[in-house]
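Here's the structure, in structure tokens; my notes come after.
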Amino acid sequence: MTSNLKNKPTLSKETLDSVMKVFKLFQEQNGTMNCDALMNALKDLKFDLQDPAIFDIIEEICTTNKVGLTYDKFVEKLNEQLQDRESQKSMERTYELFVDEPQGTLTMDILQRVQKEAGDNASEEELKKTFNNASSNGREIPFEEFQAIMTKKNAN
């Protein structure tokens, strides 16, 4: 059973070995895994089935793929999940670089300081316009709004 994934896997070799063992354990005779087996396999791989992203994977596969899940598709979905988690962590770390304290929010003062440190030459008016477009209340940009902005920009 070899993987013909187009993208280089983000899963380590050790993890891929574990995934393959689990997949082989739960696969049917036709080489695919059904919905119930998928849930058992994810449990064996220590994924939290209550995690919304994992639930989405299960729901997508169980409602759209009646034939069964191939090994390549299984690895692809796990890779997507791990990439989403890493993207989320990266976004959180980036946000934390801006804010002054844990659980803080991005303010206009912080944005002005970052602009100055970065040597950005945008005018104060442009900076205020950008900030006001990003902030729902005009005083701060909480992480959730920052995340929505970054996700929206990345989607375009």
Next item on the list: Given salt bridge (charged side-chain N to carboxylate O under 4.0 Å, His left out), test Arg113 with Glu117 step by step and report yes or no.
Entry: CA-CA 6 Å; Arg113 185 191 75 221; Glu117 290 173 4; 3.5 Å; yes
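- Between Glu124 and Gln112 the shortest side-chain heavy-atom distance falls below 4.5 Å.
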Check: Should Lys73 and Glu76 be marked as a salt bridge (charged side-chain N to carboxylate O under 4.0 Å, His left out) after you check the CA-CA gap, both sets of side-chain angles, and the distance that decides it?
Finding: CA-CA 5 Å; Lys73 193 69 169 172; Glu76 178 185 319; 3.4 Å; yes
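- Ser135 and Glu140 get closest at one heavy-atom pair: OG-O, 2.6 Å.
- Atom CD of Gln115 is separated from atom CG of Asn121 by 8.0 Å, given to the nearest 0.5 angstrom.
- Note that CG of Leu42 is 10.5 Å distant from CG of Asp48, once rounded to the nearest 0.5 Å.
- Between the CG atom in Leu106 and the CD atom in Glu96 there is a gap of 12.5 Å [rounded to 0.5 Å].
- Ion pair Glu126/Lys129 not flagged as a salt bridge, since none of the NZ, NE, NH1 or NH2 atoms sits closer than 4.0 Å to an Asp/Glu carboxylate oxygen.
- Closest approach of Val22 and Ala41 over heavy atoms only: CG1-CB, 3.4 Å.
- Nearest heavy-atom pair, Thr105 versus Pro142, reported as atom, atom and distance to 0.1 Å: CG2-CA, 3.9 Å.
- Formation of a donor-acceptor pair under 3.5 Å by the Glu145 side chain with backbone atoms of Ser136 is found in this model.
- Note on residues 79-99: pairs passing ring-ring contact (aromatic ring centres under 6.0 Å, His included), not counting sequence neighbours, are Tyr95-Phe143, Tyr95-Phe146.
- The heavy-atom pair separating Val99 from Ile110 by the smallest distance is CA-CD1, 4.0 Å.
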Note to self: Under the criterion salt bridge (charged side-chain N to carboxylate O under 4.0 Å, His left out), I'd like the reasoning laid out for Lys21 against Asp17: C-alpha separation, chi angles, the key distance, then a yes or no.
What the structure shows: CA-CA 6 Å; Lys21 286 176 188 171; Asp17 289 345; over 6 Å; no
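- Of all non-hydrogen atoms in Phe55 and Leu49, the two that sit nearest each other are CB-O, 4.0 Å.
- For residues 73-92, every residue pair satisfying the ring-ring contact (aromatic ring centres under 6.0 Å, His included) rule, not counting sequence neighbours, is listed here: Phe23-Phe74.
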Next item on the list: Given side-chain contact (heavy atoms from CB on, under 4.5 Å), test Met108 with Lys128 step by step and report yes or no.
Entry: CA-CA 7 Å; Met108 183 64 182; Lys128 284 181 181 177; 3.2 Å; yes
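- Asn40 has its side chain out of reach of Asp44: every pair of non-hydrogen atoms, C-beta onward, lies at least 4.5 Å apart.
- Closest heavy-atom contact between Leu16 and Tyr71: O-OH, 3.7 Å.
- Here the straight-line distance linking atom CE of Met39 with atom CG of Asn34 works out to 8.5 Å at 0.5 Å rounding.
- With sequence neighbours left out, Thr32 forms a side-chain hydrogen bond (donor to acceptor under 3.5 Å, both in side chains) with Asn30.
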Next item on the list: Apply side-chain contact (heavy atoms from CB on, under 4.5 Å) to Val75 and Asn79, showing your working.
Entry: CA-CA 6 Å; Val75 171; Asn79 274 335; 3.8 Å; yes
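- Side chains of Phe131 and Leu127 form no contact here, defined as non-hydrogen atoms less than 4.5 Å apart.
- For the atom pair Thr70 OG1 and Asp72 CG, the distance stands at 5.5 Å (nearest 0.5 Å).
- A distance of 5.0 Å separates CD1 in Ile149 from CD1 in Ile141, rounded to the nearest 0.5 Å.
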